[in-house]
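Residue numbering restarts at 1 for every chain, and letters A, B, ... go by the order of the sequence lines. Predicted model only: the values in this text are computed from it and were never measured.
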Protein chains: 2
Amino acid sequence: MEQMSRNLAFQLKKIRQQRHLSLDDVAKATGVSKAQLAQIEKGEANPTVSTIWKIAAGMRISFSSLLQPPTAHYMRFSSKDVPHVDEDEGRYRVYSIIPYNPERGWEFYKVEMEPGAVSRSEAHTEGVEETVMLIKGQAVISAGDMNELLDEGDTLVFSGHQPHEYRNTSEGLTIFHLILQYK
Amino acid sequence: MEQMSRNLAFQLKKIRQQRHLSLDDVAKATGVSKAQLAQIEKGEANPTVSTIWKIAAGMRISFSSLLQPPTAHYMRFSSKDVPHVDEDEGRYRVYSIIPYNPERGWEFYKVEMEPGAVSRSEAHTEGVEETVMLIKGQAVISAGDMNELLDEGDTLVFSGHQPHEYRNTSEGLTIFHLILQYK
DNA sequence: TACAGATGTCCGATAAAATAAACAACAGAA
DNA sequence: TTCTGTTGTTTATTTTATCGGACATCTGTA
C-alpha cells in the first residue's frame, strides 16, 4: 500500500524536475494545492483518485506513468518473519515469500509437506495458473483428469480453475515452490 | 474526476458479481469496509490510493483492470458550450472539442484563423506529437527547418518538441483540426 | 548590505473518506 | 406462518485528505 505512495512520489518529482517546474507551477496547472503536492512528493500522502486524476490531467500524462515503480530498483524479502499458514494439523505449511502485488500480478510461496500430508484447494475463480517446482521429496498433484507424480527437479504448470489436490507420497519431507499467476 | 469513479464502480461490481461474492466477502478479503465498498460500487465515492490498493490486492487483480472504462461505451461532446481560447486579438480561435483524458492520452481541438492570423507556440516538453488536418482555407506551418503549406484535405504530423508557428496565408477563414498526442 | 522574488515546508481549519454498527429487505427452511 | 441467516443500505463517529496562508530558506540584484 505505501508502496504506491513511493512510486507516486518518485514519478511526480521526476516529471516535475524534468520539466523544470516548481510546486507552484504544478499547483496552478493541476488545481491541487501546493501543500498537498509537497506531501505527495515526500511519499507522506494517501491521495484520492480525484487528486491523482487532476495531476495526471494537468500534467498531460497517463495514470500508469504516475503509478509505475522506478526502474532499476530492487527489493529484498528476508527469510525472517515470513508469514506462514498451516493446514492438515500443521503437516502442510505454506510460507508466503513474495505476497501478491497488483503491479506484479503473481505471488510466490514455499510449501513444506510432512510424509502423507494432503492439501485440497477449491477451484480458483477464472484464470489462475499454478506453477509447481519440486525441490525435495516427491508429490502427486491431481486436478480433473490430471494426475502427475513429481520428483526432485520436476516442474508442473496447470490451470487452477478446478479443484485440485497436493499429496506427499514420499517417506520424508517434501518441499516445493509455488507461483500463482492471476488474470 | 468522476469519470474515474464510474469506471471503478462498474469494474468492481462486475468482478464481484462474476465471482459470486457479497459485499461482506469482499470486505473480508480486502480489509475495506462494506459501507465504503457499497459507495464505490455506486460511483458515489472518491477513494484513496490505499483503498484501491487494498481492493486490487485482496481481489488479486491489477490496477488497470479496476480503472478501465467499460467496453462498448460511447460519449458525446455537444457543439454547444465548447470552451475556447482566443489569441492574436481574437483572430486565432481554439475550440477544445475533446479535453485531455489520462486514459486516452490525447486531446482534440478545432482551430479557426482569420486571414493573416499567426500563432506561435513554445516548445512542448518532450514527446508531444501534433497532427493537423486542414479543413478549409490554407495555412503554413513552420518548425525548425520544416516549412509546409497545407491546402484543404492535407494532413501534417510533426513533433512539437521545438517552437513552431501557424500562419493563415489565404484570403479567407482557415479552419483545421488539431490532435495533440502526449508521451 | 538590503531587498525582492521564488522556492519548498509547516500549521490550523475544514471538508470528506473510512469505519463500525444499526437497519430494512428478502430469502429459504422448519 | 415464524424464524434465522444473508444481503445491501443507511447512520453516526472517527480519522484524515485537502486547502489557504504563514513561514523559513535561498537565490540574484541593486
All side-chain hydrogen bond (donor to acceptor under 3.5 Å, both in side chains) counterparts of A:Y109, not counting sequence neighbours: A:E107
Sequence neighbours left out, what pairs pass ring pair (Phe, Tyr, Trp, His ring centres under 6.0 Å) with at least one residue falling in residues 135-159 of chain B? B:F158-B:H164
Check salt bridge (charged side-chain N to carboxylate O under 4.0 Å, His left out) between B:R93 and all other residues, then give those that pass, not counting sequence neighbours. B:E112, B:E114
Could you pull out every donor-acceptor pair under 3.5 Å between side chains of residues 94-102 of chain A and any protein atom, sequence neighbours left out?
residue	atom	partner	partner atom	Å
A:Y100	OH	B:I61	N	3.0
A:Y100	OH	B:I61	O	2.9
A:N101	OD1	A:E103	N	2.8

B:L37 CG to D:dT10 C1', in whole Å, measures 15 Å
With sequence neighbours excluded, what pairs up with B:D154 under the salt bridge (charged side-chain N to carboxylate O under 4.0 Å, His left out) test? none
Under 3.5 Å donor-acceptor pair, A:K34 side-chain atoms to D:dG20 base atoms: no
Name all residues meeting the side chain to side chain contact (heavy atoms under 4.5 Å, CB included) criterion together with B:H177; count only those two or more places apart in sequence or in a different chain, and write none if there are none. B:F108, B:K110, B:M133, B:I135
Which of A:V111, A:V140, A:T174, A:L178 passes side chain to side chain contact (heavy atoms under 4.5 Å, CB included) with A:Y166? Answer is A:L178
State whether a side-chain donor-acceptor pair under 3.5 Å links A:S170 with A:N168. yes
Residue whose nearest DNA chain D nucleotide is more 5′ - B:T48 or B:R16: B:R16
Check DNA chain C against residues 24-32 of chain A and give the residues with a non-hydrogen atom under 4.0 Å, in numerical order. none
Letter by letter from the 5' end, nucleotides 11-16 of chain D scores (B base, S sugar-phosphate only, - none; protein heavy atoms under 4.0 Å) ------
Please state how far atom CG in B:L12 lies from atom C1' in D:dG8, giving the value in whole angstrom units. 14 Å
Separation of C:dT7 P from A:E41 CD (nearest whole Å): 13 Å
Once you round it to whole Å, what is the distance between P of D:dT7 and NZ of B:K13? 15 Å
note: B:L23, atom CG; C:dC23, atom C1'; distance rounded to Å ~ 15 Å
Pairing residues for B:F10 by the ring-ring contact (aromatic ring centres under 6.0 Å, His included) criterion, not counting sequence neighbours: none
Rounded to the nearest angstrom, tell me the gap between atom NE2 in A:H20 and atom P in C:dG8. 13 Å
Determine: side-chain N/O of B:S22 to OP1/OP2 of D:dT7, distance under 4.0 Å, yes or no. yes
Take the protein atom CD of B:E44 and the nucleotide atom C1' of C:dA17, then report the distance between them rounded to whole Å. 14 Å
Rounding to an integer number of Å, can you tell me how far A:I52 CD1 sits from D:dA17 P? 12 Å
